[in-house]
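Working notes, structure below.
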There are 2 protein chains.
Amino acid sequence: MKDRKAEILELATELIQTKGYSAFSYQDLSDRLGIRKASIHHHYPTKEDLGKAVLAHYMERAKKNLQVVAQTSDDPWQRLDGFFELVRGTQQEGDRICCIGSVYAALTVVPQEIGETASHLAQFIVSWLSEVLGDGKKEGSMAFNGKPEAQALAVFCAMQGALQMDRAESGGILDSVMGQVRENLSV
Amino acid sequence: MKDRKAEILELATELIQTKGYSAFSYQDLSDRLGIRKASIHHHYPTKEDLGKAVLAHYMERAKKNLQVVAQTSDDPWQRLDGFFELVRGTQQEGDRICCIGSVYAALTVVPQEIGETASHLAQFIVSWLSEVLGDGKKEGSMAFNGKPEAQALAVFCAMQGALQMDRAESGGILDSVMGQVRENLSV
DNA sequence: GTCTATAGCGGGATAGAC
DNA sequence: GTCTATCCCGCTATAGAC
């Protein structure tokens, strides 16, 4: 255990994605890490501090991942696939939903700054997707009615919903929705 | 106040849709209804009892609403619009998300039966939508790649995500996503 | 940096009077 | 059906020893 603070942050992220912000507790962290609650308060004085740190780190990591995908290829379809792989990665980490969706679902009971960070990240992702879909339409490899911004928003919302629903249904909801999104963009 | 039990059920539904299952409490109900917590326990002994009742009633009402829409018109586009109006109704009742989405987001901390009821209702809605989209494709008024079932699932997930995101962003996220769904079904 | 101990609050739930 | 009173628990958070 070299970096306790990072370890706590990582586990808190997992708990927010699985149990939700309201339901996860310092006791959960204590049990899983094998240290006392007070020790966790030493690293993150309040739950709000910890929550803010989780979202800030989550945002940073997500932005970085998307930038890597964008740099890997210019092809819109490959960039979309890269995005899908990131989403699938979230799910395969074990019954997690997206941090944004978790915060959105509890928006009225979450500290304001946490909601705003989630919102900021959502806008970033939608904007990133808009560029991918816009490029695809321009070069003719993708085809759809309406503006790229609206389509990107719809795709983002579908991913959020699919991640949540995938946990409840045994069948591959996420796969199916990703497949349909592809169909809706095909020439 | 003729029917206290129904009144409690209604308010509990609202609280689950706004605060989420974990965060809403008998104290919340007590404050809003002006009666003591113990009186609420008289009608619904445990929180799980109340939660089950909320979901059972929500499911019943949603099924009835969809059946009414289906009986009102045979036209697929009109039926889709009827569905959209129901979704919009949920949102316009004041910062609510769909009960299903609320339960899905907290699936790991919600009593099993509640999760199963949410799942059952979700399947019903997706099935209902499949018929609408299937009919539209058959008669030629709607056009899209892939199977109606997969498209219906994607539309459902997009609606869940849009309802959640709409609360966080001031702009009409829900309107935009509904508009794009229409575009994706247009000939 | 981690511990013990404890404070203070709010949660779900019950008993029993009215 | 509603009330007062109470129980026990888990939560967030702090103080202070090691």
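All values below were derived from every heavy atom in this structure, side-chain atoms included, with hydrogens, water molecules and symmetry-related copies excluded. Keep in mind the model is a prediction, meaning the values are calculated, not measured.
- Contact annotation: H43(B) side-chain N/O to dT2(D) OP1/OP2 distance is under 4.0 Å.
- The listed nucleotides are dC3(C), dT2(D), dT12(D); the one nearest the side chain of K37(A) is dT12(D).
- One finds a salt bridge joining R4(B) and E7(B) here, because a Lys/Arg side-chain nitrogen approaches an Asp/Glu carboxylate oxygen to under 4.0 Å.
- Listed nucleotides dT2(C), dT2(D), dA13(C) differ in distance to I35(B); the shortest reach to its side chain belongs to dT2(D).
- For dG1(C), neither phosphate oxygen OP1 nor OP2 lies less than 4.0 angstrom from any side-chain nitrogen or oxygen of S39(A).
- The separation between R36(B) atom CZ and dC18(C) atom C1' is 16 Å, rounded to whole Å.
- K47(A) has its NZ atom 15 Å from the P atom of dT14(D), to the nearest Å.
- Where A38(A) and D28(A) meet DNA chain D, the nucleotide closest to each residue was compared, and D28(A) sits on the side nearer the 5' end.
- Contact annotation for F24(A): backbone-only contact, meaning every heavy-atom pair under 4.0 Å involves sugar-phosphate atoms and none involves a base.
- Residue H42(B) places no side-chain N or O under 4.0 Å from the OP1 or OP2 atom of dT2(D).
- Backbone-only engagement by S25(A) is indicated by non-hydrogen atom pairs under 4.0 Å involving sugar-phosphate atoms exclusively.
- Not one side-chain nitrogen or oxygen of T46(A) sits closer than 4.0 Å to the OP1 or OP2 atom of dT12(D).
- For H41(A), taking side-chain heavy atoms from C-beta onward, the closest of the listed nucleotides dT2(C), dG11(C), dT12(D) is dT12(D).
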